[in-house]
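Contents: one structure, followed by commentary.
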Amino acid sequence: MSETKTPALQYRFDGPEDAPVLILGPSLGTTWHMWDRQVPDLVKQWRIFRFDLPGHGGAPAYPAGSVRDLTDRLLATLDQFGVQRFGYAGCALGGAVGMELALRHPERLASLALIAASPRFGTADEFRQRGVIVRTNGLDPIARTSPERWFTSGFAAAQPAITEWAVQMVRTTDPGCYIAACEALAAFDVRADLARVGVPTLVLVGSDDQVTGPAEARTLVAGIPDARLAVVPGASHLVPVEQPAAVTDLLVRHFSTAWQPAFDSATGQTAIPATPLKQILTAAPPQPVAIAEIAPAAPAPQAGSRPDPYDAGIKVRREVLGDAHVDRALAQADEFSGDFQELITRYAWGEIWDRPGLDRRSRSCVTLTALVAGGHLDELAFHTRAALRNGLTPSEIKEVLLQAAVYCGVPAANSAFKVAQQVIREETTPTE
């Protein structure tokens with residue numbers, strides 16, 4: 001680690017020093033060892049750079065709360081060695097870093113491979129829920145179920161040593177860094193930006209991937225100009241581990257034939273890249289997938305007035321209460337209640353919750369206390385869920401309710417404890 005404003009990542013180089021650099025990015029919960037089976041063949045042509053996510057594989061535990069932050073740390077690490085241009089292959093969260101590189105730093109990227117990736121990984125609620133489980137129970141529940149998400153059942157049964165390696169890899173990750181990575185994935189959404197990816201791109205996915213499967217891969221191919229799709233049969237989410245030979249062959253062919261030359265500032269021209277890699281291992285061409293995000297329309301602000309807080313309000317409301325809750329509330333609104341939904345979105349969420357004076361944890365503490373005092377148990381239930389999403393632990397919620405018992409009354413707190421206890425059980429019980 002070097003002492004810079006942007007923390008460097010834990011890394012290793014393999015291969016000849018004078019070869020072009022190819023970076024291999026890991027998935028959430030893994031280490032650089034997920035690429036061990038690819039390295040012997042890849043080093044024949046490239047200098048391989050692998051890195052660990054913060055808090056993974058014994059790396060320093062400096063949490064990265066966004067994909068942009070993680071990408072900046074990667075570039076800061078590469079800058080130490082003067083690596084300005086490189087190819088990049090990333091799996092899942094590592095693929096998100098690859099998309100961020102292509103969108104924000106295209107001048108540094110020669111070629112891209114996105115493996116088990118998606119322009120949006122599930123829903124924000126899913127990853128925030130995973131963070132709640134880790135915050136409450138530690139990483140053991142996530143570790144024990146990782147083989148089910150990462151491998152096909154046949155592979156997991158036939159390879160018990162690799163299955164146990166996967167469990168231990170997750171179990172030894174720093175919980176705070178894992179939670180921060182979940183937050184990064186919750187906030188990641190580049191669906192509207194895919195058309196701006198201008199580097200040669202291979203999208204690679206396991207045919208049996210239930211996490212980010214062929215549907216997500218086809219969304220990437222439909223959105224990224226001239227992207228090519230490779231579907232690897234008999235593989236799930238960690239396809240480089242489950243089908244190493246197939247993945248290695250695909251990466252060698254892609255990066256050998258689709259390495260875009262750097263822009264020449266002296267001539268103002270870029271050499272014409274090699275013919276793009278044709279589609280591999282899938283019989284039918286990918287069909288475009290239409291993505292439409294439906295959101296309630298906000299009234300346009302009047303000219304000369306301050307910005308309408310509605311847009312900020314709906315964003316904060318979704319982040320705190322969850323998409324499912326907000327969608328239900330908006331769907332139930334009619335001519336009678338619609339104005340009220342607009343009012344609370346604009347003023348409660350866009351004006352108050354979005355103010356910088358208190359962080360969201362503090363606002364959750366205040367809100368829980370106020371709801372206990374008012375006896376608003378229905379709202380206490382969904383604000384208990386919100387408090388967990390905002391980073392409060394069950395123990396901290398208990399302390400808030402004990403404090404409320406003194407100042408708001410024991411009967412009110414008694415009812416509040418029953419509601420909060422049920423919510424916490426539902427939210428923190430691992431899904432097997």
For [Y], is there any backbone N or O sitting under 3.5 Å from a side-chain donor or acceptor partner on [X]?
| X | Y | answer |
| --- | --- | --- |
| Asp52 | Ala59 | no |
| Glu242 | Ser236 | yes |
| Gln129 | Glu427 | yes |
| Arg47 | Pro20 | no |
| Ser362 | Leu358 | no |
| Arg425 | Ala420 | no |
| Thr172 | Met169 | yes |

- Query: Could you go step by step and tell me if Val83 and Thr77 meet the side-chain contact (heavy atoms from CB on, under 4.5 Å) rule?
  - Reply: CA-CA 9 Å; Val83 177; Thr77 308; over 6 Å; no
Aromatic plane relationship, [Y] with [X] - under 30° parallel, 30 to 60° tilted, over 60° perpendicular:
| X | Y | value |
| --- | --- | --- |
| Trp46 | Trp259 | parallel |
| Phe382 | His325 | tilted |
| Phe49 | Phe13 | perpendicular |

State, to 0.1 Å, how close [X] and [Y] come at their nearest heavy-atom pair, and which atoms those are.
| X | Y | answer |
| --- | --- | --- |
| Pro233 | Gln243 | O-NE2, 3.8 Å |
| Tyr310 | Arg346 | CB-NH2, 3.8 Å |
| Pro225 | Ala195 | CG-O, 3.5 Å |
| Ala181 | Leu93 | CB-CD2, 4.1 Å |
| Gly234 | Ser207 | N-OG, 3.0 Å |
| Gly29 | Thr173 | O-OG1, 4.2 Å |

- Message: Name the residue from Asp327, Asp125, Thr123, Thr345 that meets the side chain to side chain donor-acceptor pair (under 3.5 Å) definition with Arg318.
- Response: Asp327
About how many Å separate [atom2] of [Y] and [atom1] of [X], when rounded to the nearest 0.5 Å?
| X | Y | atom1 | atom2 | result |
| --- | --- | --- | --- | --- |
| Leu114 | Leu202 | CG | CG | 8.0 Å |
| Asp14 | Leu22 | CG | CG | 11.5 Å |
| Asp378 | His383 | CG | NE2 | 11.5 Å |
| Arg68 | Leu103 | CZ | CG | 10.0 Å |
| Leu101 | Asp72 | CG | CG | 9.5 Å |
| Phe81 | Glu17 | CZ | CD | 11.0 Å |

Ion pair check, [X] and [Y], cut-off under 4.0 Å:
| X | Y | value |
| --- | --- | --- |
| Glu319 | Arg389 | no |
| Arg85 | Glu107 | no |
| Arg120 | Glu216 | no |
| Asp189 | Arg191 | yes |
| Arg253 | Asp249 | yes |
| Arg144 | Asp140 | yes |
| Asp323 | Arg317 | no |

Is the closest side-chain heavy-atom distance between [X] and [Y] below 4.5 Å?
| X | Y | result |
| --- | --- | --- |
| Ser118 | Phe121 | yes |
| Thr201 | Leu220 | no |
| Trp353 | Val320 | yes |
| Leu139 | Arg171 | no |
| Leu392 | Thr384 | no |
| Phe151 | Ile162 | yes |
| Pro309 | Asp354 | no |
| Arg361 | Glu396 | yes |

Modelled atom types, side-chain donor and acceptor of [X] and [Y], under 3.5 Å:
| X | Y | answer |
| --- | --- | --- |
| Arg130 | Tyr178 | yes |
| Asn390 | Ser364 | yes |
| Ser146 | Arg149 | yes |
| Thr393 | Arg135 | no |
| Asp69 | Ser66 | no |
| Gln10 | Arg50 | no |
| Gln45 | Ser256 | yes |
| Ser337 | Gln332 | no |

- side-chain contact (heavy atoms from CB on, under 4.5 Å) assessment of Val232 paired with Leu204: CA-CA 7 Å; Val232 179; Leu204 193 157; 3.8 Å; yes
- Message: Quick check on Asp359: does its CG atom have over 12 non-hydrogen neighbours (other residues, nucleotides or ligands) under 6.0 Å away?
- Response: yes
- Query: Step by step, would you call Ser111 with Phe86 a side-chain contact (heavy atoms from CB on, under 4.5 Å)?
  - Reply: CA-CA 7 Å; Ser111 190; Phe86 47 82; over 6 Å; no
- Task: Give the intermediate values and the outcome of side-chain contact (heavy atoms from CB on, under 4.5 Å) for residues Arg128 and Cys182.
- Result: CA-CA 7 Å; Arg128 293 195 175 105; Cys182 287; over 6 Å; no
- Message: If you take the centroid of each ring, where Trp contributes its six-membered ring, are Tyr11 and Phe51 closer together than 6.0 Å?
- Response: no
- Message: Exactly one of Val97, Leu9, Leu70 should register a side chain to side chain contact (heavy atoms under 4.5 Å, CB included) with Leu53. Which one does?
- Response: Leu70
- Message: Does His56 form a side-chain hydrogen bond (donor to acceptor under 3.5 Å, both in side chains) with Thr30? I'd like the steps, not just the answer.
- Response: CA-CA 7 Å; His56 291 57; Thr30 72; over 6 Å; no
